[in-house]
There are 2 protein chains.
Amino acid sequence: MGIAERKEREKEQRRNDIIDAAEKIFFSKGTENATMDEIALEAELSKGTLYLYFKSKEELLFAVNLRATRILKSLFENAVSPGKKAVENLLEIGRAYVRFSREYHDYFKTLLHFEGNENFLPKEDLHKKICEECVDPMIFLMDTLRTGVKDGSIRTDIPPEILAHCLWSQTTGILKLTKAIDFHTDLKPFSEDDIINAHLEIVYHGILKNN
Amino acid sequence: MGIAERKEREKEQRRNDIIDAAEKIFFSKGTENATMDEIALEAELSKGTLYLYFKSKEELLFAVNLRATRILKSLFENAVSPGKKAVENLLEIGRAYVRFSREYHDYFKTLLHFEGNENFLPKEDLHKKICEECVDPMIFLMDTLRTGVKDGSIRTDIPPEILAHCLWSQTTGILKLTKAIDFHTDLKPFSEDDIINAHLEIVYHGILKNN
DNA sequence: TATATTTGCTGACTATTAGTCATTTTTTAT
DNA sequence: ATAAAAAATGACTAATAGTCAGCAAATATA
């Protein structure tokens with residue numbers, strides 16, 4: 001049955017077109033100010049159709065978030081080198097996250113929107129599955145930490161699962177702040193980079209194997 | 001002129017009554033779902049009056065945020081002991097922040113709403129002044145770190161100003177996550193406390209003076 | 001090809017709610 | 001007692017997320 005398959009593809013295509021349009025509006029006007037009417041206009045579809053593909057504005061934003069996650073994951077994967085010690089790779093992952101927050105700043109903001117958002121609970125199975133993909137970057141972090149336990153470069157008194165959560169949240173917190181701190185610019189005699197480098201230094205020392 | 005003074009007091013009183021009502025509604029329904037009509041009803045005032053005292057719903061929420069900041073500041077102040085080394089006091093400040101996020105959870109959520117919110121820029125002088133008060137907890141952190149530089153318990157290669165920003169953001173990030181992680185409860189074989197303790201451990205080691 | 005059926009799309013409509021402002025009520029001054 | 005000033009009101013507007021009855025296009029059937 002070629003028709004069914006073609007229809008499936010077309011549906012997927014339309015879905016992506018809608019996400020493209022939404023992304024454009026979300027990123028240009030800001031998540032808050034973007035309206036579904038504008039997105040519909042940009043997608044050259046009626047508003048009703050948007051709701052055939054996505055339950056709500058929030059879910060549309062979540063689709064963008066998924067793209068963000070995938071980009072971040074691939075940045076993480078490209079940041080590590082098999083030959084290096086895990087601690088060094090972790091530092092590279094950290095730097096990759098910093099790059100992500102700058103080079104994909106709009107995606108990063110979307111990520112922050114969902115980070116620790118208790119209003120967005122995955123109820124349906126589909127949703128659950130999608131949400132699982134969102135923790136992929138942290139899973140990758142976890143795996144690297146496990147390698148670090150094996151190669152002896154990471155402290156072993158804290159389980160890699162917990163360490164991963166810590167590093168992820170600490171770094172997200174730091175990046176969120178440095179994004180906002182510009183507005184107090186007259187109060188700070190130091191740069192974003194100063195804070196980020198200090199952060200990386202602190203956690204580097206904090207997770208290093210004591211000897 | 002006793003009348004002018006009394007009027008001033010009454011105005012201040014009314015302002016506080018409105019904040020009380022707003023807090024009640026914000027905390028019970030959630031910031032997002034709370035409506036100005038409900039708050040007006042709770043305050044036994046008309047909606048128009050609310051707007052005589054506060055420019056917007058957001059500004060009303062900000063008034064609640066100010067209360068949150070003051071509570072947190074006082075918790076920080078009570079956490080430190082003059083006799084102790086600064087590193088130990090910093091650990092106590094960290095624990096005080098953890099307590100705050102639990103015992104004043106609604107206030108903590110309000111704090112998070114404004115933490116690194118680039119949409120809320122202080123324009124007027126009054127606003128600027130209020131915003132300054134919001135960094136008081138971090139200023140206190142900074143002062144404690146400066147003490148630590150003097151008493152030799154804190155590393156000196158990173159300026160206290162930067163260290164303070166790091167500790168604040170890292171810990172806020174951690175607390176935000178642990179608040180949200182409950183929803184993935186089946187995936188984690190560890191508790192909130194495990195993550196928080198690990199975090200405190202990591203930064204403790206990270207800011208300690210190397211010898 | 002003509003007709004029926006299914007699938008996809010539409011946009012006018014509803015409901016909700018933040019914020020406004022002309023009017024009324026209350027308080028103070030004369 | 002009256003005028004002026006200050007405070008409060010609530011009906012109204014504007015904006016927008018989400019709905020749904022009906023229309024259009026694509027596909028299946030005869």
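Each chain gets a letter, A, B and so on, in the order the sequences are listed, and its residues count up from 1.
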Query raised in the report: In whole Å, what is the span from the NZ atom of B/Lys11 to the P atom of D/dA6?
Result: 9 Å
Query raised in the report: Does A/Tyr97 reach the side chain of A/Pro137, with side-chain heavy atoms less than 4.5 Å apart?
Result: no
**Report entry** N/O (side chain, A/Arg6) to phosphate O (OP1/OP2, D/dT27) under 4.0 Å
**Finding:** yes
Requested in this report: In whole angstrom, give the distance that lies between atom CG of B/Leu60 and atom P of C/dT17.
Outcome: 16 Å
Report task. Report the nucleotide, chosen from C/dT28, C/dT10, D/dT19, that has the shortest atom-to-atom distance to any side-chain atom of A/Leu45. Result -> C/dT10
Query - Interatomic distance where CD belongs to B/Glu32 and C1' belongs to D/dA17 [whole Å] - result: 13 Å
Query - Contacts of A/Arg67 that satisfy salt bridge (Lys or Arg N to Asp or Glu O under 4.0 Å) - sequence neighbours left out - result: A/Asp20, A/Glu23
Report summary line: On a heavy-atom basis, the closest approach of A/Ala40 and A/Leu50 is N-CD2, 3.8 Å
Report summary line: Closest to the 5' end of DNA chain D, once A/Thr35 and A/Thr49 are matched to their nearest nucleotides, is A/Thr35
Query raised in the report: For B/Arg14 and D/dA8, is the shortest distance between a side-chain N/O and OP1 or OP2 below 4.0 Å?
Result: yes
Query raised in the report: Roughly, in whole Å, what's the span from CD in B/Glu44 to C1' in D/dA8?
Result: 14 Å
Query raised in the report: Rounding to a whole Å, what distance do you find between A/Leu41:CG and C/dC9:C1'?
Result: 16 Å
Report summary line: note: A/Tyr51, atom OH; C/dA15, atom P; distance rounded to Å ~ 16 Å
Query raised in the report: Any salt bridge between A/Lys29 and A/Asp37, counting N to O under 4.0 Å?
Result: no
Requested in this report: For residues B/Phe26 and B/Lys57, determine if any side-chain heavy atom of one lies less than 4.5 Å from a side-chain heavy atom of the other.
Outcome: yes
**Report entry** Length of the line joining A/Ile18:CD1 and C/dT10:P, which is rounded to integer Å
**Finding:** 10 Å
Query raised in the report: Does A/Ser46 make a side-chain N or O approach to OP1 or OP2 of C/dT10 shorter than 4.0 Å?
Result: yes
Query raised in the report: Of the nucleotides C/dA18, C/dT27, D/dG18, which has the atom closest to the B/Lys57 side chain?
Result: C/dA18
Report task. Please state whether the base of C/dA18 and the side chain of B/Lys47 form at least one donor-acceptor pair under 3.5 Å? Result -> yes
Query raised in the report: For the base of C/dG19, is there a side-chain donor-acceptor partner from B/Lys55 under 3.5 Å away?
Result: no
Query raised in the report: Counting any heavy atom closer than 4.0 Å, what does B/Ala34 reach on the DNA or RNA strands: base, sugar-phosphate only, or nothing?
Result: sugar-phosphate
Query raised in the report: Once you round it to whole Å, what is the distance between P of D/dC12 and CG of B/Asp37?
Result: 15 Å
Query raised in the report: For C/dC9, does either OP1 or OP2 sit under 4.0 Å from a side-chain N or O belonging to A/Tyr53?
Result: yes
